[in-house]
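Below is one structure; the comments refer to it alone.
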Amino acid sequence: MTGEPHAGYRETWARSIESRGDFWLGAARGIDWDIPPSVALDERLPGASRWFPDGELNTSYNALDRHVLAGRGDQAALIYDSAMTGTKLSLSYSELLDRVARFAGVLRANGVDKGDRVIIYLPMIPEAIVAMLACARIGAIHSVVFGGFAASELAVRIDDARPGVIVTASGGLEPGRAVEYLPLVQRALKLSAGSVKTVIVQGRDAVPGSAADYADEVQATWLDWADEEATATPAGPVSLRSGDPLYILYTSGTTGSPKGIVRDNGGHAVALAWSMRNIYAVGPGDVYWAASDVGWVVGHSYIVYAPLLVGATTVIYEGKPIGTPDAGAFWRVVEDYKVKVLFTAPTAIRAIRRVDPGLRELAKHDVSSLDSLFLAGERLDPETFHWANDGLHCPVVDHWWQTETGWAICANPRGIEPLPTKPGSATVPVPGFDIEILDSKGRPVKRGKEGNIAIRLPLPPGTLMGVWGSEDRYTSAYLTAFPGYYATGDSGHFDEDGYLYVMGRTDDVINVAGHRLSTGSLEEVLTLHPAVAECAVLGVHDALKGQRAAGFVTLKAGEQIDHDTLAAELIALVREHVGPVAAFRDVTILERLPKTRSGKILRKTIRQIVDGEPYTVPPTIEDPTVLDDLQRAVHGAGESS
Ligand code: COA
Ligand code: AMP
């Protein structure tokens with residue numbers, strides 16, 4: 001293929017599919033194994049990928065000890081920068097190893113053993129990384145819960161994962177308010193079935209609350225992190241099978257019960273280390289900053305594991321892209337730590353653009369260290385792409401992935417060969433991912449035509465092993481729609497050069513500010529209100545957050561509740577049950593919802609009307625006048641499509 005465009009990439013991709021075993025066994029050499037794998041993939045298990053079945057390793061050893069043993073102990077492993085408190089801290093590989101080994105000892109002293117689950121409910125502080133790696137060190141399975149979720153969401157995760165220990169802090173910091181975690185944890189423990197025996201609390205000066213305040217609690221013993229760590233016996237890394245679970249990360253599915261995505265140790269370590277070199281072009285000593293949150297998959301993969309697996313320096317930033325204190329916050333961090341690669345969500349860039357369209361704040365900082373800006377989490381609209389690409393001196397790279405895959409499915413593989421960028425496209429399939437666009441019956445569509453994006457099985461290493469506690473759920477959610485393929489739930493098309501354009505979800509998952517939410521679960525909450533007869537929640541266009549959730553409700557017969565009161569109560573209900581992260585603020589009360597004659601809510605038509613898009617009245621509609629009512633309710637009298 002030499003001489004053809006993108007020959008380096010094409011050759012690597014072809015090898016990853018045609019010689020899958022050799023390709024990934026080669027990549028596995030980037031990791032230190034206690035027992036090196038002789039086999040790449042156990043093909044006897046269709047669907048659930050079991051990578052490196054006879055290999056044994058420890059992920060925390062690979063992220064820490066091996067770099068110290070190689071003489072890099074003094075290099076910064078982690079830089080903590082809190083724009084909320086002004087704290088700046090750097091931990092070398094030796095220092096981070098020491099803290100992780102001690103905290104692993106704390107967990108062990110509190111009865112945590114291999115295979116036990118530990119819930120980590122922490123804000124963006126170094127202890128989040130310490131706790132995750134400490135679990136990995138002793139073979140415990142961590143499940144990190146994002147701080148913006150409500151107590152009931154935490155309780156659902158506790159009941160599904162059944163941890164013995166929760167690791168938390170007095171709280172997190174949002175602009176203008178402290179988010180106290182301990183009352184939320186206490187409430188979640190009361191709501192849950194009672195597996196938790198111990199709560200370990202990292203006290204923060206900036207947020208009130210400590211373990212001592214909960215000394216009388218009967219549900220669990222509350223311990224102070226610092227006290228425990230001071231007296232701990234450090235724990236060494238245990239040898240784990242490649243397929244032993246490293247973590248569970250819950251993500252929104254189509255129902256109110258979130259799916260616990262399970263990641264293995266071996267495939268994960270191999271894939272992430274490979275991705276750093278081949279996608280991001282980052283290696284030992286480079287500074288890599290994923291401006292996300294450890295509660296999301298981006299945080300798991302690219303704040304914690306991948307940078308440390310390759311001996312880079314990771315940045316953990318507590319703050320926002322704007323307002324902490326200004327729209328130069330990201331550029332200040334890039335300058336301070338000489339960040340080579342910055343990874344964030346398009347929403348963050350839109351937020352900066354809204355406040356600082358002329359990039360005046362950028363001009364105040366030396367960002368010459370920046371080699372590329374990677375974006376993911378939601379569709380990167382071409383306008384935002386152009387604005388960032390024209391304003392920065394380095395390439396802006398869109399890449400597409402999901403909690404389930406753990407790393408990019410499509411990207412510009414800059415470490416293999418930087419490819420030309422096309423606005424609106426996440427570039428090309430990453431080696432290991434064999435993508436096909438299928439119609440609703442599972443037949444491949446013609447190039448250029450939009451359809452369901454599916455990945456031919458087996459999935460490469462690093463992708464999900466399954467859904468926690470339910471083999472059936474993995475199969476039914478991902479493998480049955482298109483036999484032989486993993487269904488991504490996204491739609492899109494390839495262009496003539498093999499570039500993929502991801503257009504949106506085909507299910508009821510929406511993306512609000514890069515945060516994944518299920519409209520189904522929001523509907524479940526709205527129907528809890530006694531006045532609500534029926535409801536539909538949709539993702540509508542939002543200029544800043546990409547999408548926002550909008551609720552449409554009808555009242556039970558005879559209900560007299562004032563509409564403003566109901567809207568306020570519904571907004572409060574979602575905040576209480578799902579959490580502030582849902583950012584749910586739009587409620588429209590209607591006489592009737594637009595439906596087909598068979599009773600199906602016409603969601604697409606509702607969305608088109610709200611977004612002001614042209615629409616055709618569906619022939620199956622029960623009563624077309626309902627659309628006029630909706631039009632008036634959303635856009636006011638006098639407007640029509
Ligand atoms: N703990 C508690 N509350 C949180 C939280 C956390 N970790 N993260 C967000 N929230 C709260 C916010 O304070 C806000 O509360 P409010 O309703 O009282 O104002 C609410 O959840 C909604 O947050 P968000 O959607 O993030 O909106 P915002 O107005 O606070 O910030 C941006 C807007 C664009 C600055 C912000 O969304 C952002 O930085 N996005 C980047 C996207 C990102 O990091 N995605 C992760 C995947 S890569
Ligand atoms: P999450 O699991 O939270 O990472 O969300 C995954 C979903 O976000 C995907 O299924 C897509 O719908 C969307 N997504 C993530 N990255 C992109 C991208 N680069 N372009 C378009 N959509 C994206």
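This one's a predicted model, so the numbers in the text were calculated from it and none came from an experiment. Whatever order the structure lists ligands and atoms in, that order sets their numbers, starting from 1. Position 1 is the first residue of the sequence, and the numbers go up from there.
Of the N and O atoms on the side chains of Y247 and R263, at least one donor lies less than 3.5 Å from an acceptor on the other residue. Between the side chains of E318 and Y80, at least one donor-acceptor pair of N or O atoms lies under 3.5 Å. A donor and an acceptor atom, one from each side chain of D434 and W13, are nowhere located under 3.5 Å apart.
A salt bridge does not link D326 with R332: every distance from a Lys NZ or Arg NE/NH1/NH2 to an Asp or Glu carboxylate oxygen is 4.0 Å or more. Using a 4.0 Å cut-off between charged nitrogen and carboxylate oxygen, R447 and D495 do not count as a salt-bridge pair.
With a 4.0 Å cut-off on non-hydrogen atoms, W401 touches ligand 2 through its backbone and not its side chain. For H399, every heavy-atom contact with ligand 2 shorter than 4.0 Å involves the backbone, none the side chain. Residue contacts with ligand 2 for V509 are absent, since no atom lies close enough (heavy atoms, distance under 4.0 Å). Proximity of D398 to ligand 2, defined as any heavy-atom pair under 4.0 Å, is confined to the side chain (atoms from C-beta onward).
Partner of K422 under the side chain to side chain donor-acceptor pair (under 3.5 Å) criterion, chosen from D497, T427, D398: D497.
Not counting sequence neighbours, F584 has no partner by the ring pair (Phe, Tyr, Trp, His ring centres under 6.0 Å) test. In this structure, the side chain to side chain contact (heavy atoms under 4.5 Å, CB included) partners of S210, at least two apart in sequence or on a different chain, are A212, D213.
Taking every non-hydrogen atom of R505 and a distance limit under 4.0 Å, the qualifying atoms of ligand 2 come out as 9 (C), 10 (O), 12 (O). Atoms of ligand 2 lying under 4.0 Å from at least one heavy atom of V502, given by number and element, are 21 (C), 22 (N).
Of all protein heavy atoms, the one lying nearest to atom 3 (O) of ligand 2 is R516 CB, 3.3 Å. Looking only at protein heavy atoms, the nearest one to atom 13 (C) of ligand 2 is N511 ND2, 3.5 Å. Ranking protein heavy atoms by distance to atom 18 (C) of ligand 2, first place goes to E378 O, 3.3 Å. The single protein non-hydrogen atom nearest to atom 16 (N) of ligand 2 is G377 N, 3.1 Å, given as residue, atom name and distance. Closest protein heavy atom to atom 12 (O) of ligand 2: D490 OD1, 2.6 Å.
Sorted by chain and number, the heavy-atom contacts of ligand 1 below 4.0 Å come from F146, G147, G148, E174, R177, V179, A291, S292, W296, V298, K320, P321, A345, T347, A348, A351, A513, G514, H515, K545, R575, P580, V581, R585.
Contact record, E153 with V578: CG-O, 3.5 Å, taken as the closest heavy-atom pair.
Residue pairs that meet the salt bridge (Lys or Arg N to Asp or Glu O under 4.0 Å) test with at least one member in residues 342-356, sequence neighbours left out, are R350-E378, R350-D381, R353-E383.
Y302 has its ring centre no less than 6.0 Å from the ring centre of W289.
Taking all heavy atoms of R379, Q402, M503 into account, the minimum distance to atom 21 (C) of ligand 2 is reached by R379.
No cation-pi contact links R456 to Y485, judged by a cut-off of 6.0 Å to the six-membered ring centre and 45° from its axis. Under the 6.0 Å distance and 45° angle rule, R157 does not count as a cation-pi partner of Y121.
At least one N or O atom of T403 sits closer than 3.5 Å to an N or O atom of ligand 2. Every N/O-N/O distance between T251 and ligand 2 stays at or above 3.5 Å.
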